[in-house]
Amino acid sequence: HQMLGRCDQMPTLEVKALLDSAGVGCDAKNPPIVMISREAIGPCCWQWHRPTVVLPHFLLEANREDLRNVLLHELEHLKTNHPLQLFWQHLAQVTCWFHPAVWNAASRAALVREFTCDEVATDYGANSASYLRTLLHIAERYERDQSMPAIGFGRTPSEIVLRARRLVELAKRNQNPAATTMVGRRMAVSMLVCIAALASLIWIPSDPLASPRSLWSPWPHWTASTVHCF
């Protein structure tokens, strides 16, 4: 928050001009607030009172390709209400700080949110090469200025590596959609067969008169009565 207090807010007309020049569409009547920071390496966003995007100053001096990719990514975070999801995630982490599964789920959720925005920003793999160059530029900037806070677009090097691998996979799928569709169909059929086999082994006793000692009625009498009534 101290860093945000030192950010410069762009006027609304300049925000619209910035989004138009980058080729990014938004609500013309209610564009997001754009803050410019000379301290942060990576961009970020939040949506507490009004959608806000924080951009590091070097992106304004970089090529339009990087700026467009970053804006598409951050605006997708806002469209899908990721800042609100992050708030509830942090609340769960504070409440259940002692549970390792909560921290593991939180890290996975954060990565999935980044995957979702990466897919939209790359048009589901069609522009993966351009997006990978943007990730590389931000990673290089982080390596150069590790004393500055790296937030948002690329929090850690390991996260950038995982996202880069996924972008490569998306690009491969985009080049050969027929093979991807066939693999998806085979996986769907296999899952359907497995679910059907599992369902055939599940038997819920709903006869309240059945003996609890029977091989086919392992549940107690009150359970069978409840299911029968339901």
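Residue numbers start at 1 and run along the sequence shown.
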For [X] and [Y], which heavy atoms make the closest approach, and how far apart are they?
X      : Y      : result
Cys7   : Val54  : SG-CG1, 4.3 Å
Pro83  : Cys45  : CG-SG, 4.3 Å
Asn69  : Ala121 : O-CB, 4.2 Å
Trp103 : Trp97  : NE1-O, 2.8 Å
Leu78  : Trp46  : CD2-O, 3.6 Å
Ser128 : Leu167 : OG-O, 3.2 Å

query = Do the side chains of Met10 and Ile36 get nearer than 4.5 Å, heavy atoms only?
reply = yes
query = Is there a path from Leu60 to Leu75 through hydrophobic residues (I, L, V, M, F, W, Y) whose side chains come within less than 4.5 Å of each other?
reply = yes
request  = Check the hydrophobic clustering (I, L, V, M, F, W, Y; side-chain heavy atoms under 4.5 Å; chains of links allowed) and say if Leu136 and Val168 are grouped together.
outcome  = no
Can you sort out the partners of [X] under salt bridge (charged side-chain N to carboxylate O under 4.0 Å, His left out), two or more places apart, ordered by chain and number?
X      : answer
Arg166 : Glu119
Arg133 : Glu65
Glu76  : none

message = Under the salt bridge (Lys or Arg N to Asp or Glu O under 4.0 Å) definition, can you give me all pairs with a residue in residues 77-103, not counting sequence neighbours?
response = none
remark   = Sequence neighbours excluded, the answer for side chain to side chain donor-acceptor pair (under 3.5 Å) partners of Gln93 is Gln89
Side chain to side chain donor-acceptor pair (under 3.5 Å) involving His137 - partner list, sequence neighbours excluded = Asp66
key: Distance-only side-chain donor-acceptor flag, Arg113 / His82, under 3.5 Å   = no
inquiry  = Return the CG to CZ distance between Leu170 and Arg163, rounded to the nearest 0.5 Å.
reply    = 12.0 Å
key: Carboxylate-amine/guanidinium proximity below 4.0 Å for Arg165 and Glu169   = no
